[in-house]
Chemist: 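This structure is in structure tokens; I'll ask about it shortly.
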Amino acid sequence: MVNILRQRDITILDFGPEYLSLDESNLSKVVQQIVEVAKHATPPLVIVDLSHTESFGSFFIQFLIRIWKLIKKRGGQLVLAGLNEDCLNVLKRSKIESLWQRYPTREEALDAFKTPE
């Protein structure tokens with residue numbers, strides 16, 4: 001299962017080492033769980049941590065767009081953390097790399113959500 005963490009009122013979807021490749025066969029088991037998280041995360045601030053992921057394809061992209069729309073509809077934000085060069089190239093080829101802010105690490109993504117004091 002995908003680790004669903006909460007840190008500083010931010011929901012983190014942590015795709016661990018068992019998700020080296022995010023394809024339909026291993027994502028289909030968690031799609032509904034993550035869709036529910038996207039629908040109900042409060043506040044709707046979500047980090048998708050892909051630090052362990054080496055590859056993904058169209059199924060993951062469609063899934064990512066789906067949860068992003070659910071979060072955006074609620075006035076929230078979804079960001080990506082730990083995206084490697086190969087995965088970024090897939091987003092670039094799909095011409096959607098600009099839809100989400102990207103951060104090298106989960107910690108940097110968390111810091112980006114800090115509210116001004």
Side-chain angles (χ1 to χ4, degrees):
M1 299 261 73
V2 172
N3 291 320
I4 299 168
L5 312 168
R6 294 278 296 167
Q7 212 171 336
R8 297 189 220 156
D9 283 341
I10 297 165
T11 302
I12 301 165
L13 302 176
D14 179 18
F15 288 85
E18 67 273 25
Y19 292 99
L20 288 177
S21 174
L22 292 175
D23 55 27
E24 189 169 359
S25 65
N26 63 3
L27 267 182
S28 61
K29 301 171 193 127
V30 297
V31 165
Q32 195 53 45
Q33 172 195 24
I34 295 174
V35 166
E36 289 303 311
V37 169
K39 283 182 182 176
H40 302 290
T42 305
L45 303 174
V46 178
I47 296 171
V48 178
D49 188 343
L50 299 168
S51 300
H52 298 283
T53 302
E54 295 177 356
S55 65
F56 57 69
S58 60
F59 185 83
F60 178 73
I61 290 172
Q62 290 170 357
F63 167 71
L64 192 60
I65 290 171
R66 180 178 176 194
I67 62 171
W68 170 65
K69 285 181 177 179
L70 289 170
I71 293 164
K72 188 177 175 189
K73 184 174 158 181
R74 297 177 51 230
Q77 187 178 5
L78 180 140
V79 302
L80 305 178
L83 194 66
N84 74 20
E85 200 63 35
D86 290 338
C87 292
L88 177 58
N89 287 334
V90 171
L91 295 180
K92 285 180 178 179
R93 282 194 304 274
S94 303
K95 301 194 183 321
I96 59 170
E97 79 277 4
S98 63
L99 292 179
W100 306 285
Q101 289 182 303
R102 299 180 308 276
Y103 299 92
T105 66
R106 178 191 305 180
E107 290 72 27
E108 289 176 75
L110 282 165
D111 287 345
F113 278 126
K114 280 186 183 173
T115 53
E117 295 181 24

Chemist: Do Gln101 and Leu80 touch side chain to side chain, with heavy atoms closer than 4.5 Å?
Modeler: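 Heavy-atom side-chain distance check fails, nothing below 4.5 Å.
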Chemist: Please report the interatomic distance NZ(Lys69) to CG(Leu64), rounded to the nearest 0.5 Å.
Modeler: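 Answer for the NZ-CG pair, Lys69 versus Leu64, is 11.5 Å.
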Chemist: List for me each residue that meets side-chain contact (heavy atoms from CB on, under 4.5 Å) alongside Pro104, sequence neighbours excluded, and say none if there are none.
Modeler: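 Result, side-chain contact (heavy atoms from CB on, under 4.5 Å) vs Pro104: Glu108.
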Chemist: Under a 4.5 Å side-chain heavy-atom rule over Ile, Leu, Val, Met, Phe, Trp and Tyr, are Phe59 and Leu20 clustered together?
Modeler: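 No; Leu20 is not reachable from Phe59 via cluster members.
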Chemist: Report all side-chain donor-acceptor pairs from residues 89-96 shorter than 3.5 Å, counting only partners two or more places apart or in another chain.
Modeler:
| residue | atom | partner | partner atom | Å |
| --- | --- | --- | --- | --- |
| Asn89 | ND2 | Glu85 | O | 3.2 |
| Ser94 | OG | Val90 | O | 3.0 |

Chemist: Restricting to side-chain contact (heavy atoms from CB on, under 4.5 Å), what partner residues turn up for Ser21, sequence neighbours left out?
Modeler: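 Here the qualifying residues are Asp23, Ser55.
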Chemist: Do the non-hydrogen side-chain atoms of Phe113 and Ile47 ever get within less than 4.5 Å of each other?
Modeler: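 Counting from C-beta outward, Phe113 and Ile47 do come under 4.5 Å.
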Chemist: Can you tell me how far the OG atom of Ser51 sits from the CZ atom of Phe15, to the nearest 0.5 Å?
Modeler: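 Answer rounded to 0.5 Å: 11.5 Å.
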Chemist: Quick one: CG on Leu50 to CG on Leu22, what's the gap to the nearest 0.5 Å?
Modeler: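 So the CG of Leu50 and the CG of Leu22 are separated by 6.5 Å.
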Chemist: List in chain and number order the residues that pass side-chain hydrogen bond (donor to acceptor under 3.5 Å, both in side chains) with Thr11, two or more places apart in sequence or in another chain; answer none if no residue qualifies.
Modeler: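 Counting only residues at least two positions away or on another chain, Thr11 forms a side-chain hydrogen bond (donor to acceptor under 3.5 Å, both in side chains) with Arg6.
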Chemist: Can you check whether Thr53 reaches Asn84 side chain to side chain, under 4.5 Å on heavy atoms?
Modeler: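 With C-beta onward as the side chain, the pair stays apart.
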Chemist: Could you list the residues that satisfy side-chain contact (heavy atoms from CB on, under 4.5 Å) with Gln33, not counting sequence neighbours?
Modeler: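 Gln33 satisfies side-chain contact (heavy atoms from CB on, under 4.5 Å) with Met1, Ile4, Val30 only.
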Chemist: List the steps and the verdict of side chain to side chain contact (heavy atoms under 4.5 Å, CB included) for Leu110 and Thr105.
Modeler: CA-CA 9 Å; Leu110 282 165; Thr105 66; over 6 Å; no
Chemist: State which residues pass side-chain hydrogen bond (donor to acceptor under 3.5 Å, both in side chains) with Glu36; sequence neighbours excluded, sorted by chain then number.
Modeler: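 Testing Glu36 for side-chain hydrogen bond (donor to acceptor under 3.5 Å, both in side chains), a comparison that skips the adjacent residues, returns Gln32, His40.
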Chemist: Return the set of residues passing side-chain hydrogen bond (donor to acceptor under 3.5 Å, both in side chains) with Arg66 (not counting sequence neighbours), or none when no residue passes.
Modeler: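 Arg66 satisfies side-chain hydrogen bond (donor to acceptor under 3.5 Å, both in side chains) with no residue once adjacent residues are dropped.
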Chemist: Test: ring pair (Phe, Tyr, Trp, His ring centres under 6.0 Å). Region: residues 83-110. Which pairs qualify, not counting sequence neighbours?
Modeler: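 Found Trp68-Trp100.
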Chemist: Backbone N or O of Ala41 within a donor-acceptor pair of the Arg74 side chain at under 3.5 Å?
Modeler: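 It does hold such a pair.
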Chemist: State plainly whether one hydrophobic cluster holds both Ile71 and Leu99, where clusters connect Ile, Leu, Val, Met, Phe, Trp and Tyr through side-chain heavy atoms under 4.5 angstrom apart.
Modeler: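 Same cluster.
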Chemist: Looking at residues at least two apart in the chain, or sitting in another chain, which of them share a salt bridge (charged side-chain N to carboxylate O under 4.0 Å, His left out) with Arg106?
Modeler: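 Scan of Arg106 (salt bridge (charged side-chain N to carboxylate O under 4.0 Å, His left out), adjacent residues dropped) gives Asp14, Asp49.
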Chemist: For a quick test of reading the model, state the closest non-hydrogen atom pair linking Val2 to Tyr19 and the distance between them.
Modeler: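 Of all heavy-atom pairs spanning Val2 and Tyr19, the closest is N-OH, 3.6 Å.
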Chemist: Show the nearest heavy-atom pair for residues Leu83 and Cys87, with the distance to one decimal.
Modeler: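 Heavy atoms only, the tightest pair is CD1-CB, 3.5 Å.
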Chemist: Could you work out, with ring-ring contact (aromatic ring centres under 6.0 Å, His included) as the rule, every residue matching Phe63, not counting sequence neighbours?
Modeler: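 Per chain and number, Phe63 pairs via ring-ring contact (aromatic ring centres under 6.0 Å, His included) with no residue.
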Chemist: So how far is it from Gln77 CD to Lys72 NZ, rounded to the nearest 0.5 Å?
Modeler: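 Between Gln77 CD and Lys72 NZ, I get 11.0 Å after rounding to 0.5 Å.
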Chemist: Report the C-alpha separation of Asp9 and Leu45 in whole Å, then their side-chain angles, then the decisive distance to 0.1 Å, and conclude whether the side chain to side chain contact (heavy atoms under 4.5 Å, CB included) test is met.
Modeler: CA-CA 8 Å; Asp9 283 341; Leu45 303 174; over 6 Å; no
Chemist: Would you call Asn26 and Glu18 a side-chain contact if the rule is heavy atoms closer than 4.5 Å?
Modeler: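 The answer is no, as the side chains (C-beta and beyond) never meet within the 4.5 Å cut-off.
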Chemist: Of the non-hydrogen atoms in Leu88 and Arg102, which two are nearest, and what is the gap between them?
Modeler: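 So the two residues come closest at CD1-NE, 3.4 Å.
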